[in-house]
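Order of listing sets the numbers, starting from 1, for every ligand and every atom in it. Start at 1 with the first residue, then count along the sequence.
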Amino acid sequence: MEIMSKIKTIAAETGFGESGYVAIENLKYYQEIRKICEENTCRNYATSWACPPAVGTIAECKARVNQYDKMLLFSQAYKMEDSFDFEGMVEGLHNFKKMVDRFQQNLGNVLSEYLLLSNEGCGRCSKCTYPDAPCRFPQFLHHSLEGYGFIVNELAKEAGIRYNNGSNTVTYFGALLFNTEKN
Ligand code: SF4
């Protein structure tokens, strides 16, 4: 279990405000979330290798997750000027994505195999290669947490961390899946 607290410490050192473990056996996958993706209000659907349909069906996502025995959910809250502060939201998301990259770097010496999921789409390249050519940076491809069919609010509750950090804030989430045995 030492590895679990080590990973949590690395998440805190990376700068994530909160993190907590979610029992793999308690994970619920919702086909309805995939329907929301398809409605494309986030404009990420079918635009990158990080989002549906490229991440596969919900069953395929579940099978990928089930290769691991631990899930650490982590989050970071960002202040906005008001609830219409779209620029602030985008800036927060960019910052969060950078933190996820840093987390991956920091995990380098501790974990060899893992699955790192991040909030929403990718956005690493100015124009994604999807669907014409493979991802340019598969080693930094972090699938969308929502794209796996999770209700993030539910995950946060399971992990014992806040989903909402109050008015005029936006909170982004990611998840790390790993095995306690193999690493
Ligand atoms: S890293 Fe680039 S090519 Fe790969 S999914 Fe992201 S935007 Fe697309």
Side-chain angles (χ1 to χ4, degrees), residues 7 10-11 13-17 19 22 27 29-68 71-78 80 85-152 155 170-179 183:
I7 300 292
I10 295 174
E13 285 171 355
T14 301
F16 294 117
S19 71
V22 179
L27 289 175
Y29 299 79
Y30 295 89
Q31 195 60 46
E32 300 91 293
I33 298 288
R34 190 51 72 87
K35 288 217 172 72
I36 295 172
C37 293
E38 287 165 12
E39 283 166 14
N40 203 17
T41 41
C42 66
R43 298 196 200 150
N44 286 317
Y45 186 77
T47 61
S48 87
W49 295 106
C51 282
V55 297
T57 63
I58 296 278
E60 285 166 336
C61 292
K62 184 175 177 179
R64 210 173 287 131
V65 166
N66 283 341
Q67 292 175 57
Y68 303 92
M71 179 197 255
L72 182 75
L73 188 78
F74 52 85
S75 68
Q76 179 62 23
Y78 296 90
M80 297 190 299
D85 183 10
F86 181 70
E87 223 171 76
M89 282 173 80
V90 171
E91 207 177 288
L93 186 58
H94 284 166
N95 181 281
F96 183 77
K97 297 272 182 202
K98 279 188 190 152
M99 277 175 77
V100 174
D101 285 351
R102 220 159 51 232
F103 189 34
Q104 183 170 5
Q105 271 175 13
N106 295 344
L107 288 169
N109 298 329
V110 184
L111 293 182
S112 48
E113 277 181 47
Y114 54 86
L115 175 66
L116 190 49
L117 306 176
S118 176
N119 223 133
E120 298 182 24
C122 180
R124 193 177 300 279
C125 309
S126 52
K127 184 165 179 6
C128 185
T129 56
Y130 179 87
D132 304 317
C135 172
R136 289 188 190 96
F137 304 103
Q139 70 278 32
F140 298 117
L141 175 56
H142 306 134
H143 285 169
S144 146
L145 183 62
E146 302 87 344
Y148 273 47
F150 296 126
I151 295 180
V152 179
L155 292 182
V170 59
T171 306
Y172 294 113
F173 291 84
L176 173 72
L177 290 124
F178 63 98
N179 282 312
N183 289 285

Peer 1: Does the Gln76 side chain pair with the main chain of Tyr172, one donor and one acceptor, at a distance under 3.5 Å?
Peer 2: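 Looks like no, no N/O pair under 3.5 Å.
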Peer 1: Any side-chain to backbone donor/acceptor pair from Lys97 onto Asn119? Under 3.5 Å, distance only.
Peer 2: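 Yes.
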Peer 1: Ignoring hydrogens and geometry, is there a side-chain-to-backbone donor-acceptor pair from Ser48 to Ala50 under 3.5 Å?
Peer 2: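 Pair found, side chain donor or acceptor close to backbone of Ala50.
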Peer 1: Tell me, please, which residues at least two apart from Tyr45 pass ring pair (Phe, Tyr, Trp, His ring centres under 6.0 Å).
Peer 2: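 Per chain and number, Tyr45 pairs via ring pair (Phe, Tyr, Trp, His ring centres under 6.0 Å) with no residue.
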Peer 1: Under 2.8 Å from atom 8 (Fe) of ligand 1, which protein N/O/S atoms are there?
Peer 2: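 Under 2.8 Å from atom 8 (Fe) of ligand 1 - ignoring waters, which are not counted - the protein N, O or S atoms are Cys128 SG.
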Peer 1: Testing Ile7, Leu111, Ile10, Asp101 for side chain to side chain contact (heavy atoms under 4.5 Å, CB included) with Asn106, which one passes?
Peer 2: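 Output: one option passes, namely Ile10.
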Peer 1: Check whether the side chains of Glu39 and Thr41 place a donor and an acceptor atom closer than 3.5 Å, and report yes or no.
Peer 2: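 Absent: no donor and acceptor within the cut-off.
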